[in-house]
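Numbering of ligands and ligand atoms starts at 1, following listing order.
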Amino acid sequence: MAANTMEELVSLCKRRGFIFQSSDIYGGIKGLYDFGPMGVELKNNLKQSWWKSMVYERDDVEGLDSSILTNPEVLKYSGHEDTFSDPLVDCKSCKNRFREDQLINNSCPTCKSKKLTEPRPFNLMFKTSIGPIDDGTTFSYLRPETAQQIFTNFKNVLDSTNKTLPFGIAQIGKAFRNEITPRNFIFRVREFEQMELEFFVEPSSDERWHKYWVDKRYSWWLEQGIDKKNLKIIEVEKNELSHYSKSTIDLIYKFPHGNEELEGIANRTDFDLGSHTKNQQEFDIKSKVIKNEKSTTKLSFQDLVNKKSFIPFVIEPSAGVERGVLALLNESYKYDEKNSRIILTLKPQLSPIKAAVIPLKRNNEQLVNCAKDIKTKLQTLSLGRVVLENSGNIGKNYRRHDEIGTPMCITVDFETLENQSITVRDRDTMNQKRISIDKITDFYKKYFD
Ligand code: GAP
């Protein structure tokens, strides 16, 4: 059973240090959140799992970490300056602002008034000035998607890695959107992270690869612990496609507030490379690109067999890290009525803390030293964070670690000093058993098999 309400998740996130409102002590800013000690671990684990599956386990993908501040020319030729906007409507009665699709029966969702302005486009990109003089002429954008610098680096990566088609470039990083109405906790925010792959293919093979990536990404989310019944594959209507897309498939997750997009897998055709390339007229570009006389580089691929250069098509799986975290929290949040406890049944690979080592008595040097040794031993296995809980209250520690999803707790007590045995407690079953200290490494590793 997933969480019933968003409030339950928000409350857990604050109480246990997953997510806080940003600049909270000054009243916060809408649509901005900070990830606390548990949140940063969960987020990192999710990103690592994505990187492992998209880069390390493949030989046809390379990684990239490009700048956030982006030359305006990039976002001019990508089409974002002209088209990356939402229709904005003002309520003349209560003065609130909304995206047009948030109106309820053509009325203001706050005061129900029908006195509304005509919708007008509101560009979602944030601008900032570059250099010491802020006269509006030397500005850059904070990237609205990580994808664009992948396209502008296409030739750099191709030339420096000797890749051949099909191949991809993967990137995880921040993206910024000046959302008109950020909402639903971390679902729609103004600063977030994306995990994006641009996978370059021969033009005629685009549909086959599109299907391949939809299947691959769907399975990956199930492997992270998302239940099949909560994840749907839906094709985006033609009239709702982004300006660059020939076809997009969304993975729609059942969030606490409703069914919404977790990840989109788009067939971006040759639009992006075609729009950013030099000498566009030399190529048989299939999409309707923006005329470009500024680019200094041909973003083409040369087929060594027939010596023909062409602009590859691109398939793009693009997932939001925050939406992934929210889906995983929702999916793993359970109230165990029998034992009156909340648990996060996260996969051990994703759990913020992998094991907690707890000395029974806080000030007992022998117990604490033994616990420290176990912590160090497990930590050196590099499977994630292991903590020493030195507060002495076993019951409270178990409760806390259930709520943050720690798969196992290890207790060191007076019997340990006599016979070198420790108690291990499993998060999900609450089963406890005594094992010998020299068995702990193998026991711990089994959680990650
Ligand atoms: N490069 C393609 C692209 O950016 P998108 O559908 O606009 O496509 C991709 O965004 C993913 O980024 C979404 O599926 C979602 O997970 C995440 N995302 C987009 N806007 C977001 C926002 N305001 N807050 C949180 N995540 C967002």
Side-chain angles (χ1 to χ4, degrees), residues 19 22 29-33 35 43 46-47 50 64 66 68 70 74-75 78-80 83-86 99 101-102 122-126 141-152 168-199 210 213-214 217-218 220-221 224 226 231-237 240-253 255 257 259-269 271-273 275 314-328 330:
I19 300 164
S22 186
I29 303 183
K30 267 192 121 185
L32 298 180
Y33 288 90
F35 282 73
K43 218 180 177 198
L46 182 66
K47 290 191 282 183
W50 187 90
L64 182 77
S66 67
I68 286 171
T70 308
V74 173
L75 293 152
S78 71
H80 284 78
T83 56
F84 196 61
S85 57
D86 274 344
R99 268 175 25 175
D101 62 357
Q102 288 180 272
F122 173 75
N123 194 294
L124 300 178
M125 290 196 293
F126 282 105
Y141 289 112
L142 274 66
R143 63 183 179 202
E145 60 171 5
T146 67
Q148 287 308 318
Q149 303 279 44
I150 296 183
F151 299 126
T152 58
I169 305 176
Q171 172 158 234
I172 301 178
K174 291 265 185 183
F176 300 82
R177 296 183 190 179
N178 196 2
E179 296 284 351
I180 299 167
T181 40
R183 61 191 184 281
N184 296 321
F185 193 31
I186 54 168
F187 176 82
R188 187 175 300 284
V189 283
R190 291 182 166 132
E191 175 177 340
F192 55 98
E193 283 187 86
Q194 291 183 317
M195 306 184 282
E196 297 199 300
L197 171 73
E198 306 305 322
F199 196 73
H210 194 191
W213 280 110
V214 172
R217 297 300 306 144
Y218 179 79
W220 183 82
W221 281 112
Q224 308 315 299
I226 302 287
L231 193 63
K232 300 268 172 293
I233 299 175
I234 307 271
E235 180 158 11
V236 175
E237 303 274 344
E240 284 177 14
L241 289 174
S242 303
H243 61 279
Y244 49 71
S245 175
K246 167 177 158 186
S247 143
T248 298
I249 306 288
D250 280 348
L251 302 184
I252 302 287
Y253 177 69
F255 287 98
H257 63 277
N259 294 316
E260 293 221 51
E261 178 186 339
L262 170 63
E263 168 160 358
I265 301 111
N267 181 345
R268 293 181 77 133
T269 69
F271 176 82
D272 298 277
L273 291 183
S275 293
V314 66
I315 306 299
E316 177 201 61
S318 171
V321 177
E322 280 70 8
R323 289 189 191 179
V325 166
L326 186 58
L328 289 170
N330 183 51

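Side-chain N/O atoms of Ser318 and Glu145 include no donor and acceptor closer than 3.5 Å.
Applying the ring-ring contact (aromatic ring centres under 6.0 Å, His included) criterion to Tyr33, with sequence neighbours excluded, gives Phe185. For Arg217, the salt bridge (charged side-chain N to carboxylate O under 4.0 Å, His left out) test picks out Glu263, with sequence neighbours left out.
For ligand 1, the 4.0 Å heavy-atom shell takes in Glu145, Arg177, Glu179, Phe187, Arg188, Val189, Phe192, Gln194, Glu196, Tyr244, Glu261, Leu262, Glu263, Gly264, Arg268, Glu316, Ser318, Ala319, Gly320, Arg323, ordered by chain and residue number.
In this structure, the side chains of Ile150 and Leu64 come closer than 4.5 Å at one or more pairs of heavy atoms.
Taking the charged nitrogens against the carboxylate oxygens, Arg268 and Glu196 have no contact shorter than 4.0 Å, which rules out a salt bridge.
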Under 3.5 Å, sequence neighbours excluded: what are the donor-acceptor pairs made by side chains of residues 172-180?
residue : atom : partner : partner atom : Å
Lys174  : NZ   : Glu191  : OE2          : 2.9
Arg177  : NE   : Pro144  : O            : 2.9
Arg177  : NH2  : Pro144  : O            : 3.0

